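This is a predicted model, so every value here is computed, not measured.
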Amino acid sequence: MRKVDNELLLLLGGLFILLMVASLIGFVLSRRKQNDTIANLNARIRAWWVMCTISVIAMLIGPIGSVVLFALMSFYALRECVTLTPTRRGDHEALFWCFFIILPLQYLLVGIEWYNLFVIFIPVYAFLFIPARVALASDTTHFLERCAKIQWSLMIAVYCVSHAPALLMLSIPGFEGENIKLVLFMMIVVQISDVLQYVFGKLWGKRAIVPKLSPNKTVEGFVGGILSASLIGAALFWVTPFSPVAAFFISLLITLLGFAGGLCMSAIKRDRGVKDFGAMLEGHGGMMDRIDSLCFAAPVFFHVVRYFYS
């Protein structure tokens, strides 16, 4: 079990208080009025309790717990992505490699901190292997489209997400052994940005940013959620190696990337004619619906921290 220092304990305590406040607000709203928005909000809060509890326990166990947690998240997200994209018999063996060989190997590389191979394993070796393996099945129908779908699913659900636990491998002067705080910082800022965009959008949202793609994403929700989450990130500078100003701009960067990730995942769902990637989490849809923001934010956050602070 990982030793919990005062800063980490304070951060976890703040997260607990935030969830308690959200639960209280949801309870009061449900007693005063019942509608789909309030029901959805309470479902999201319940799902947040489950996800946060599992995440905190895994992270407190140590690096192995974090790697296993994100590997499982990638597995379920990859399954949801593949389910949305029709496959042919010739794809099945390539998909077997994706789920049971490439995914575990990617997280093994994270666990043993082999950065040089971790960073190129999927975008180079796996991306070349997949079309070769599909070609061996001798099925050329929509060959390019099928390979691209598998590669994109692997890239977004496995490669990008694996950069979150990869933060633990970074060596930051004066911050040794504290990298778990960076993982929590990133997850809190990105996920609270999603929540605040939802809240601001419901309260004051009028102008949709991309009406045909995601009518629920409004200009007011975007501006209010992004700026509020960035300010919260700046206020959390004390658990990171960043200055308050750097924490604000890094938070602004990853929240913008999180928004872009959510938008791209919405485009995929719109293309496939579905509302959610799955129904794994009540109020949140599937795993990919919950980590869509993280997919875009995690790799960029990892490399920014590595370049400027490692």
Exercise. Identify whether NZ of Lys or CZ of Arg in Arg306 sits under 6.0 Å from the centre of the six-membered ring of Tyr115 and within 45° of that ring's axis.
Key: yes

Practice problem: For residues Pro131 and Gln151, report the shortest heavy-atom separation together with the two atoms involved. | Solution: CD-NE2, 3.7 Å

Quiz item: Can you tell if the side chain of Met169 reaches within under 4.5 Å of the side chain of Asn179, non-hydrogen atoms only?
Solution: no

Quiz item: In terms of ring plane angle, is the pair Phe242 and Phe185 parallel, tilted or perpendicular, where the classes change at 30° and 60°?
Solution: perpendicular

Quiz item: When hydrophobic residues are tied together by side-chain contacts of less than 4.5 Å, even through go-betweens, does Leu196 share a cluster with Leu252?
Solution: no

Quiz prompt | Qualifying ring pair (Phe, Tyr, Trp, His ring centres under 6.0 Å) pairs, either residue in residues 126-145, two or more places apart | solution = Trp97-Phe129

Self-check item: pair Leu257-Phe301: side-chain heavy atoms closer than 4.5 Å
Solution: no

Quiz item: Rounded to the nearest 0.5 Å, how far apart are CG of Leu253 and CD1 of Ile226?
Solution: 10.5 Å

Exercise. Rounded to the nearest 0.5 Å, what's the gap from CZ on Arg89 to CG on Asp139? Could you check?
Key: 11.0 Å

Quiz item: Nearest 0.5 Å, what's the CG-OG distance between Leu168 and Ser66?
Solution: 5.0 Å

Quiz item: Cluster question for you: counting only ILVMFWY and a side-chain heavy-atom cut-off of under 4.5 Å, with indirect links fine, are Leu294 and Phe259 together?
Solution: no

Exercise. Please confirm whether the backbone N or O of Lys206 pairs with a side-chain atom of Glu220, one donor and one acceptor, at under 3.5 Å?
Key: yes

Quiz item: Atom OG1 in Thr240, atom CZ in Phe175: separation rounded to 0.5 Å?
Solution: 6.5 Å

Quiz item: Does Leu117 reach the side chain of Tyr125, with side-chain heavy atoms less than 4.5 Å apart?
Solution: yes

Quiz item: Are the side chain of Arg207 and the backbone N or O of Val219 linked by a donor-acceptor pair below 3.5 Å?
Solution: no

Exercise. Kindly indicate whether the side chain of Leu154, heavy atoms from C-beta on, has any atom under 4.5 Å from the side chain of Tyr159.
Key: no

Self-check item: Same cluster (ILVMFWY, side-chain, under 4.5 Å), Leu72 and Phe70
Solution: no

Quiz item: Can Cys98 and Leu103 be said to form a side chain to side chain contact (heavy atoms under 4.5 Å, CB included), step by step?
Solution: CA-CA 6 Å; Cys98 290; Leu103 187 156; over 6 Å; no

Quiz item: Does Ile102 share a hydrophobic cluster with Ile112, counting links as ILVMFWY side-chain heavy atoms below 4.5 Å and allowing steps through other members?
Solution: yes

Exercise. Output, in order, the C-alpha distance, side-chain angles, deciding distance and verdict of side chain to side chain contact (heavy atoms under 4.5 Å, CB included) for Arg270 and Lys212.
Key: CA-CA 9 Å; Arg270 181 73 66 177; Lys212 293 182 179 180; over 6 Å; no

Exercise. Start with the C-alpha distance between Leu263 and Val210, add both sets of side-chain angles, then the distance that settles side chain to side chain contact (heavy atoms under 4.5 Å, CB included), and finish with yes or no.
Key: CA-CA 9 Å; Leu263 208 59; Val210 190; 4.2 Å; yes

Practice problem: Compute the ring centroids of Trp114 and Phe118, then answer whether they are less than 6.0 Å apart. | Solution: no

Exercise. Please check if the side chain of Asp289 supplies one atom and the backbone of Gly286 the other of a donor-acceptor pair under 3.5 Å.
Key: yes

Quiz item: Is the backbone N or O of Ala247 less than 3.5 Å from a side-chain atom of Ser251, with the two atoms forming a donor-acceptor pair by type?
Solution: yes

Quiz item: Hey, does Phe277 have a side-chain heavy atom less than 4.5 Å from the side chain of Ile268?
Solution: yes

Quiz item: Mind checking what makes side chain to side chain donor-acceptor pair (under 3.5 Å) contact with Lys217, not counting sequence neighbours?
Solution: none

Quiz item: What are the two closest heavy atoms between Ile156 and Met288, and how far apart are they?
Solution: CG2-CE, 4.1 Å

Self-check item: Within-4.5 Å side-chain heavy-atom neighbours: Glu80 and Thr83
Solution: no

Quiz prompt | Gln197 side-chain N/O to Val195 backbone N/O, donor-acceptor pair under 3.5 Å | solution = no

Quiz item: Is there a donor-acceptor pair closer than 3.5 Å between any side-chain N or O of Ser310 and the backbone N or O of Tyr307?
Solution: no

Practice problem: Compare every heavy atom of Ser153 with every heavy atom of Cys81, then report the nearest pair and how far apart it is. | Solution: CB-OG, 3.4 Å

Quiz item: How close do Pro299 and Cys160 get, heavy atom to heavy atom, and via which atoms?
Solution: CD-O, 3.7 Å

Quiz prompt | Student check: side-chain heavy atoms of His92 and Phe96 closer than 4.5 Å | solution = no

Self-check item: Spatial distance of atom CG (Asp194) from atom CG (Asp292) [nearest 0.5 Å]
Solution: 6.5 Å

Quiz prompt | Neighbour count above 12 (heavy atom, 6.0 Å) for Phe249 CZ | solution = no

Quiz item: Same cluster or not: are Leu256 and Leu236 linked, directly or through other Ile, Leu, Val, Met, Phe, Trp or Tyr residues, by side-chain heavy atoms under 4.5 angstrom apart?
Solution: no

Quiz item: Does Arg290 use its side chain to pair, donor to acceptor, with the backbone of Gln191 at less than 3.5 Å?
Solution: no

Quiz item: Is a side-chain donor or acceptor of Ser74 paired with a backbone partner of Ala157 at a separation under 3.5 angstrom?
Solution: yes

Quiz prompt | Non-hydrogen atoms of Val183 and Ala164 that approach each other most closely | solution = CG2-O, 3.6 Å

Quiz item: Hey, is Asp91 close enough to Lys149 for a salt bridge, meaning N to O under 4.0 Å?
Solution: no

Quiz item: What distance separates Ser266 OG from Leu213 CG, expressed to the nearest 0.5 Å?
Solution: 5.5 Å

Exercise. With the side chain counted from C-beta on, respond yes when Val158 and Tyr107 share a heavy-atom pair under 4.5 Å apart, and no when they do not.
Key: yes

Exercise. Might you point out which heavy atoms bring Pro241 and Leu182 nearest each other, and give the distance in Å?
Key: CD-CD2, 3.7 Å

Quiz item: Does Arg133 pair with Glu93 as a salt bridge, N-O distance under 4.0 Å?
Solution: yes

